[in-house]
Amino acid sequence: MSAPGGRATSAPLLGRDEEPTIFELSKAGRRAWSFRTGGFPETDVEDLVPALHRRPDPVDLPEVSERDLVAHVTRLSSRQFSVDLGAYPLGSCTMKYNPKMCDAVAALPGLAGVHPAAPASTVQGWLALLVELEEALCAITGMAGATLQPAAGAAGELTGLLLMRAWHEAQGRPRHTVIIPDSAHGTNPASVTLGGYQVVTVASDERGCVDMAALHRVLDDDVAGIMLTNPNTLGLFEEDIAEIAAAVHGVGGLLYYDGANLNAILGVVRPGDMGFDIVHMNLHKTFATPHGGGGPGAGPVAVAERLLPFLPGPRPVRVAGGDGDGLAYDWQVPSRSIGRVHGWHGNALVLARALAYIRANGADGLRRVAETAVLNANWLRHRLSGVLDVAYDRPCMHEVVFSAQRLRRAYGVKASDVGKRLLEYGFHAPTVAFPLVVDEALMVEPTETESPETLEALAAALEAIVSEAADDASVVTGAPTSTPVGRVDEARAARRLVATFDARPPAGD
Amino acid sequence: MSAPGGRATSAPLLGRDEEPTIFELSKAGRRAWSFRTGGFPETDVEDLVPALHRRPDPVDLPEVSERDLVAHVTRLSSRQFSVDLGAYPLGSCTMKYNPKMCDAVAALPGLAGVHPAAPASTVQGWLALLVELEEALCAITGMAGATLQPAAGAAGELTGLLLMRAWHEAQGRPRHTVIIPDSAHGTNPASVTLGGYQVVTVASDERGCVDMAALHRVLDDDVAGIMLTNPNTLGLFEEDIAEIAAAVHGVGGLLYYDGANLNAILGVVRPGDMGFDIVHMNLHKTFATPHGGGGPGAGPVAVAERLLPFLPGPRPVRVAGGDGDGLAYDWQVPSRSIGRVHGWHGNALVLARALAYIRANGADGLRRVAETAVLNANWLRHRLSGVLDVAYDRPCMHEVVFSAQRLRRAYGVKASDVGKRLLEYGFHAPTVAFPLVVDEALMVEPTETESPETLEALAAALEAIVSEAADDASVVTGAPTSTPVGRVDEARAARRLVATFDARPPAGD
Amino acid sequence: MTTYIPHTGEDVADMLSFLGLASVDDLFEAVPDALRLAGGLGLPPGRGEPDVLAELEELAAANRARTDRMVCFAGAGAYDHEIPAVTRALAGRSEFVTSYTPYQPEVAQGVLQAVFEFQTMVARLAGLPIANASLYDGASAVVEAVNLGVAASGRPVVWLSQGVHPHWRATAATAAAGTGHDLRTFPLADGVTAWPDPSAPGVPGDDPPGVVVVAYPNYLGCLEDLAPARAWCDRTGAVLVVVADPVAAGLLRSGGDWGADVVVGEGQAFGTPLGFGGPYLGLFATTQDHLRRLPGRLVGETVDTEGRRAYVTTLRTREQDIRREKATSNVCTNQTLMAVTAAIQLGWLGTSGLVELGRRCAVATRVTRDALLAIDGVEPYASAPVVREFAVRTPVPAAVLLERLAGEGFLGGVALGEEFPGGEHALLVAVTERRTRAEVDAFVAAVARAVT
Amino acid sequence: MTTYIPHTGEDVADMLSFLGLASVDDLFEAVPDALRLAGGLGLPPGRGEPDVLAELEELAAANRARTDRMVCFAGAGAYDHEIPAVTRALAGRSEFVTSYTPYQPEVAQGVLQAVFEFQTMVARLAGLPIANASLYDGASAVVEAVNLGVAASGRPVVWLSQGVHPHWRATAATAAAGTGHDLRTFPLADGVTAWPDPSAPGVPGDDPPGVVVVAYPNYLGCLEDLAPARAWCDRTGAVLVVVADPVAAGLLRSGGDWGADVVVGEGQAFGTPLGFGGPYLGLFATTQDHLRRLPGRLVGETVDTEGRRAYVTTLRTREQDIRREKATSNVCTNQTLMAVTAAIQLGWLGTSGLVELGRRCAVATRVTRDALLAIDGVEPYASAPVVREFAVRTPVPAAVLLERLAGEGFLGGVALGEEFPGGEHALLVAVTERRTRAEVDAFVAAVARAVT
Ligand SMILES: Cc1ncc(COP(=O)(O)O)c(C=O)c1O
Ligand SMILES: Cc1ncc(COP(=O)(O)O)c(C=O)c1O
């Protein structure tokens with residue numbers, strides 16, 4: 001059977017020629033730029049910039065014709081895999097299809113052409129959009145209010161921790177530790193440190209969930225809170241969440257929800273109802289805004305009622321009955337705001353895409369998203385159960401973690417080798433080496449936008465790779481060979497750092 | 001040296017997997033469409049369409065999700081070479097860079113969203129645009145007026161021939177033959193036939209130009225006119241054009257200019273000044289509108305004063321001082337119009353792109369286009385003179401025709417083999433097997449948008465191919481092997497025609 | 001000035017010296033001095049891209065009739081249908097936009113396969129086995145169908161229903177000046193073609209038609225029984241050409257089902273913007289019998305040297321570049337990008353979407369027609385059934401009415417025009433699936449105001 | 001409702017039966033009943049794409065301040081610069097837009113190489129050898145620079161010039177609540193930072209700065225001599241962070257040239273639309289010394305198994321996914337697409353374009369400033385030299401003036417605000433290369449009317 005989203009043919013990835021850098025394509029005097037005719041007097045730079053400040057030589061930038069710029073960048077794009085080319089079963093990252101309609105929204109001149117410092121009276125549409133998004137996100141998470149400023153998940157985490165800190169300080173009892181399960185994503189501990197807290201790690205138990213006994217051992221009144229992902233990064237729902245919430249709240253701590261896995265529970269269960277006080281969302285995961293090769297994202301943070309006064313500001317708000325100036329929407333700084341966490345109002349055009357996605361799906365559609373994401377993951381888990389070891393052999397939520405430990409022991413084939421070989425079957429690799437609690441983890445999140453045919457093609461490819469490992473491991477460990485470049489020497493990159501064209505050793509070196 | 005527009009890496013072309021057809025990706029019940037909420041009553045088709053007219057079963061179309069549609073089409077695009085990926089040294093076709101600014105013009109809602117039958121009062125911008133383009137094209141060709149209706153060059157040819165016919169008829173002396181040189185493009189004779197004329201072919205002489213003696217032999221008062229390309233399809237300027245014009249006019253015939261090669265002479269010499277009466281232009285060649293994989297184009301036809309009354313109509317015209325309705329522009333049907341040659345007003349959005357291109361270049365820029373196009377072609381001719389045989393060993397205009405006759409005789413390597421092998425060097429193939437007057441023709445038109453570096457890379461590739469032919473001809477005759485598909489069995493396609501998915505023989509057949 | 005030329009002054013100098021030339025003027029030695037343009041082109045100097053864009057934006061702004069500002073009830077062969085972001089994005093991929101005719105199939109499988117898919121979809125819509133890779137527009141498809149029909153039947157007399165779009169008939173008439181075909185138009189009566197009575201004596205006499213052309217739905221939006229046209233073809237051996245609306249094909253019997261030998265049409269409705277009339281998409285489908293007479297390009301499936309499926313332009317010997325004056329048509333550059341667009345759009349619609357599209361048009365059309373006819377003085381122009389478009393008689397001249405409606409933000413339709421009896425007081429109104437109830441109500445109210 | 005899910009009802013049923021489940025609800029067995037959401041999300045039902053687009057278009061239409069309707073003189077860290085069609089088209093290639101972080105370099109050379117080119121360009125603009133792959137925005141770049149500086153110097157006291165964008169300082173202050181850094185702001189006097197007098201006794205005392213942060217040009221658009229800041233760093237061993245405008249870098253000495261250890265900035269001006277403030281592009285460059293403390297991702301060149309040049313994210317051990325609580329920063333998702341965009345835009349500009357861009361801004365700024373100052377009651381706010389932006393005192397409150405100007409089609413600037421002395425009667429005006437003489441004249445006339 002053919003696999004629409006899965007037989008991501010590797011076509012664009014098989015070029016074996018190097019593409020020169022734009023610096024090598026440059027020839028002094030070529031030019032692509034043109035500006036509006038301003039009609040201002042011709043004035044020399046010397047007359048415009050005092051000598052003290054004047055740059056002696058112009059910045060050396062590539063000089064290319066528009067034609068050559070286009071060819072270069074188009075060819076670079078042809079060396080790049082993407083969701084639009086095929087499936088990305090990449091755990092924790094929710095690489096779902098990014099609707100083109102949302103691109104059209106982000107391109108609207110009435111949204112894209114708006115200056116962020118324009119008076120509120122002139123940006124009522126944007127303010128309305130942000131307020132509506134905030135309300136929708138609160139409805140989805142079961143929280144009371146949200147800030148849309150954080151630019152990504154990690155920024156949301158830090159914002160959440162600073163809210164936690166402000167809240168405890170307001171209670172007059174600053175605390176010093178934050179609990180994190182050992183399956184947590186690396187941003188969590190990094191954010192905890194930046195929030196000024198010590199990380200206390202709790203182990204996962206044999207179910208892959210928070211070990212309740214271990215949790216109780218570390219809970220004391222110096223605990224500011226706990227950060228959890230639920231379902232967690234093993235794709236498993238923390239069934240004891242109510243008990244966890246009670247325990248943490250019991251010592252006066254707060255619960256932080258890392259929303260990376262929110263896709264699994266849309267419309268099914270809400271972080272607020274589970275007892276969480278602070279929730280970040282990754283709009284570039286759950287709400288289908290494109291990853292852009294690594295960003296931009298958006299990481300709004302929603303909070304419970306009691307944390308509202310601490311939210312970053314200024315916040316866009318609805319003005320009941322219009323304010324003094326007759327505005328329907330305006331900016332407002334919460335009374336005990338922790339302050340700004342973004343230069344402006346957040347990644348606004350990403351936020352607009354997310355609102356469009358939410359409106360298109362609606363309440364019914366969002367629940368179907370979660371259902372189908374979970375269905376797909378479980379189907380894959382079941383389909384591959386005789387093929388790869390499942391790290392935790394029980395029904396999963398939106399993602400499933402396999403272990404290649406057996407392949408490594410038997411044939412020297414690591415999880416990362418399986419991932420590299422999978423590239424040659426036209427799929428992106430799963431997430432490997434995460435979560436840390438699973439040896440040789442292969443973390444697969446199919447998302448709801450991949451069809452059953454695609455899942456079957458993915459399963460068949462993994463099955464084939466396992467056979468290859470047994471037959472001739474070098475096929476797997478030597479992969480990929482048909483991609484634009486073969487396996488990349490990562491060690492050398494770090495050892496002999498060349499991070500700019502100018503740091504490149506002279507030819508022949 | 002690197003070659004910006006030429007080292008068109010073959011990256012996107014090296015995939016070796018088949019992409020299934022969209023019919024194979026279809027699964028009944030999948031769906032991508034959505035429409036506006038109309039708010040009309042739900043009504044069954046049965047109540048809307050009388051039984052006599054009602055289709056018994058719906059049209060069988062592919063049913064795919066939006067995600068799968070995107071992946072399929074994006075993968076198809078990754079199996080396609082294009083100007084944006086690299087150079088297309090394709091003689092007679094002027095595959096120059098297509099400015100992105102012109103794409104933006106064609107996408108303007110105020111142009112793209114306009115209905116062609118809207119009252120003139122509501123489309124003054126479009127009418128002004130068309131009039132300005134007509135004026136610019138007349139300035140460039142040295143003619144008195146033009147029709148913008150023809151949708152491509154061939155349509156322009158037929159229009160021109162019908163103008164010729166109408167004119168002769170108006171003179172009361174219908175004629176029966178049209179003269180065409182043997183180097184002419186196939187559309188010329190085909191159009192002549194459709195114009196109701198007999199083709200009379202005149203040979204080229206040893207210079208590659210019209211044989212004047214032969215011309216004089218066929219000229220008589222049954223000759224309606226002559227169709228010429230100048231520079232001709234050998235890239236050579238017909239130096240005797242003034243004499244030709246005098247001779248044809250002398251017997252009462254008209255001169256038709258096939259504008260496919262207009263790029264060579266922009267701002268240098270004008271068809272009108274050479275004595276031509278009717279001129280078509282290929283905007284998709286000279287004026288950089290994209291070829292779109294084979295269309296759309298636009299083929300405006302400009303004429304001398306005496307032919308104006310015969311132009312197709314309605315024509316957009318400037319209204320001196322505003323007409324009765326106060327309009328600055330309106331439609332007008334010429335007094336002896338041959339009638340419509342297009343369902344509406346021509347390929348309007350292509351016309352808008354061309355105007356933008358003309359405005360950006362201006363008088364000075366257009367001349368530089370011609371100069372650089374001719375410079376590039378001559379540089380290549382000279383650079384390759386020891387490598388390949390030049391069909392006519394004298395300075396050329398915008399294109400140069402080589403012959404692979406020697407390679408065929410010595411190694412069995414044909415011009416088409418050289419073209420196929422060139423694909424593997426990252427260039428599109430030259431035009432092969434045309435013009436017919438050159439054995440094993442390789443017709444190369446670099447265009448002005450390719451840099452000297454690109455030309456050198458092209459020359460080096462051709463040089464390498466000639467060496468390969470001598471060393472091991474099978475490398476060339478077996479090429480390409482690294483493209484998405486290898487050499488295609490064209491004979492089988494014709495013998496066992498499968499022109500639709502439904503005509504495909506059952507699997508295993 | 002904007003330049004798309006890479007060459008620096010130094011580049012030019014180096015190249016000239018390689019050629020042993022002193023200046024670029026020397027490149028044009030072959031051009032006789034007397035002919036050379038003195039003083040340069042009479043055009044303004046080049047301008048920067050932003051200036052050019054601003055100039056074109058100003059022209060665009062001078063168009064009041066644009067679908068983002070006026071609600072469109074105009075049709076007459078060009079329709080305001082939904083073009084989703086996905087179609088725009090995919091059809092805009094630069095590999096499709098900036099590629100050449102796929103004469104090198106090894107590096108053109110993208111366009112070739114898309115066109116192969118397009119041909120399949122068009123054939124299915126038409127109910128015929130073969131479709132070509134596109135023609136310029138609906139008008140050119142009619143011209144080519146007539147040419148094919150005359151060649152196949154060997155008879156130059158062409159019977160055309162007046163229901164065929166007037167512009168397309170006009171285009172056919174222009175072409176007939178060259179081919180010498182004898183076109184005869186049969187008028188519509190109450191919306192359907194008044195073909196000669198086959199039982200009348202002396203009909204068709206000694207110049208029977210070689211081709212019969214009828215539209216479905218016709219220019220007035222009316223559905224007519226195609227059996228009489230088919231019967232005339234059976235009687236005379238003429239080729240039946242059905243000019244079919246491919247959107248209505250979601251609801252209506254296909255041309256093939258009615259016995260058409262050729263089905264042609266305009267494919268703009270499938271993803272191509274109104275664009276003031278072009279570029280559009282000529283559709284052409286026919287039977288196996290006429291394969292060797294097919295105009296334009298055709299893509300076929302084949303295999304490569306390793307037996308992998310591959311696509312290629314085929315039966316090229318019909319085409320002008322090989323067959324020259326004996327070609328079936330002179331078409332070379334066609335409308336490939338629009339064909340690729342239509343394939344994408346039809347993939348987006350799918351079986352259910354095409355039906356739903358047709359259904360929504362038909363419902364909205366019925367509601368609008370009923371409401372307009374309820375206005376005093378507005379009368380039906382014809383009584384035959386309609387699905388997306390219809391004509392009404394108006395108490396004020398249609399041109400006047402249209403100006404009034406434009407002032408209220410409506411492109412109210414297309415004036416039927418003098419060719420049709422009473423046509424100057426008749427308006428052709430199209431209602432697509434993009435029209436909402438609120439828009440229709442407002443439109444009807446505006447018409448009511450405008451006619452009194 | 002729009003759905004992006006392929007599954008048909010049959011698909012779901014088949015999959016459930018494969019899993020031995022009766023319904024989709026069974027998939028959520030692990031979720032305790034008590035927690036499950038009863039009654040569904042409190043959101044409207046899904047809508048079709050065209051409806052959603054129409055809704056968002058309506059919101060967009062409610063923004064009066066948009067560059068296609070209002071002439072923009074606002075800056076303050078967000079600028080209306082030319083974004084050519086070519087940048088939009090290339091940066092919009094779906095391979096860039098829809099790809100993931102390039103952790104599988106074999107299939108991500110496109111993004112990796114583009115970011116490598118970006119890093120090179122940023123390093124050259126900054127006059128420093130290393131630049132990272134982007135941060136969220138200018139504000140986050142300042143925060144990270146402060147964190148790096150404190151870690152490098154081992155001292156938590158941070159001296160900030162008031163000339164650093166107020167929002168960026170505010171963001172740094174928010175972050176400092178977590179890190180415990182001690183931020184101290186030094187005011188501007190006549191447009192330049194009033195650093196303590198180094199010869200004054202007891203300065204800096206026993207808590208010398210670990211980091212000194214200064215902006216160039218600063219928030220008021222003024223150029224200040226950076227030597228005093230550098231001197232303070234030399235004296236105290238503090239890290240010098242220069243917040244530099246990368247557009248002005250075409251004309252001005254680079255941060256590196258002034259002796260900066262870290263140069264940060266906002267890269268929005270290079271091809272990213274105003275977009276109501278995001279997504280933007282944080283720029284971060286530094287010296288070799290601080291390489292191991294670099295926040296965020298870094299792309300390096302290496303080779304593949306066959307020795308071919310290849311790119312890869314490198315020095316990953318600094319990053320949170322490996323280093324966890326000891327990471328140099330918590331940044332994971334960054335602003336890659338904007339970095340790719342900036343690389344394209346800087347390729348479009350080239351050496352000469354960047355200079356010309358800076359020159360045009362400077363000329364237009366000078367003309368505008370002179371003309372505004374000629375208006376009665378409009379006074380300079382500072383006298384230091386400017387290149388793209390400047391502040392003026394206004395006889396009416398800036399907020400009132402802005403509302404009046406908005407009514408005339410001008411986004412007249414940004415009110416300086418209460419933080420700056422007399423700032424409520426002061427306007428910050430930016431003039432980019434997109435402003436024409438005619439626009440400036442009309443603007444000046446409107447200001448003249450509005451202040452009287
Ligand atoms: C579980 C988890 N938490 C947090 C993050 C960080 O989010 P971001 O990359 O948006 O900063 C990620 C992203 O990969 C994640 O998977
Ligand atoms: C010399 C010449 N004449 C005419 C034509 C026909 O033009 P079109 O393809 O636009 O119909 C061509 C196109 O290839 C050509 O090269």
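Protein chains get the first letters and strands the later ones, always in sequence-line order, with residue 1 at the start of each. The figures that follow rest on heavy atoms only: side chains count, while hydrogens, waters and symmetry mates do not.
- Heavy atoms closer than 4.5 Å to chain C are found in both the backbone and the side chain of Ala136(B).
- Listed options Thr179(C), Thr436(C), Thr351(C) were ranked by heavy-atom pairs under 4.5 angstrom with chain B; first place goes to Thr351(C).
- Relative ring orientation between Trp168(C) and His165(C) is described as parallel, the plane-to-plane angle staying below 30° on a 0-90° scale split at 30° and 60°.
- Both the backbone and the side chain of Met101(B) come within contact range of chain C, each with at least one heavy atom under 4.5 Å from a heavy atom of that chain.
- Proximity to chain C (any heavy atom under 4.5 Å) is shown, for Leu375(B), by both the backbone and the side chain.
- Both the backbone and the side chain of Asp489(B) come within less than 4.5 Å of a heavy atom in chain C.
- Aromatic ring centroids of Phe276(C) and Trp344(B) lie 6.0 Å or more apart.
- Contacts of Ala166(B) with chain C are absent, with no heavy-atom separation under 4.5 Å from either backbone or side chain.
- Of all the listed residues (Ala139(B), Ala117(B), Gly292(B), Gly362(B)), the one sharing the greatest number of non-hydrogen pairs under 4.5 Å with chain C is Gly292(B).
- Ranked by non-hydrogen atom pairs under 4.5 Å with chain C, the options Ala118(B), Gly295(B), Ala190(B), Ala242(B) are led by Gly295(B).
- Closest approach of Pro119(B) and Glu403(C) over heavy atoms only: CB-OE2, 3.8 Å.
- Only the side chain of Arg367(B) comes within contact range of chain C, judged by heavy atoms closer than 4.5 Å.
- With a 4.5 Å cut-off on non-hydrogen atoms, Ala327(C) touches chain B through its side chain but not through its backbone.
- If you measure heavy-atom distances from Val192(B) to chain C, you find no contacts under 4.5 Å at all.
- Note: Trp379(B) and Phe18(C) have tilted aromatic rings, judged against thresholds of 30 and 60 degrees for the angle between ring planes.
- With Tyr4(C) as the aromatic partner, Arg368(B) does not meet the cation-pi criteria of under 6.0 angstrom to the ring centre and within 45 degrees of the ring axis.
- Your options are His7(C), Glu57(C), Glu82(C), Gln119(C), and the one with the most heavy-atom pairs under 4.5 Å with chain B is His7(C).
- If you measure heavy-atom distances from Pro395(B) to chain C, you find no contacts under 4.5 Å at all.
- Under the 3.5 Å distance criterion, the side-chain polar atoms of Arg437(C) are left unmatched by any main-chain donor or acceptor of Phe40(B).
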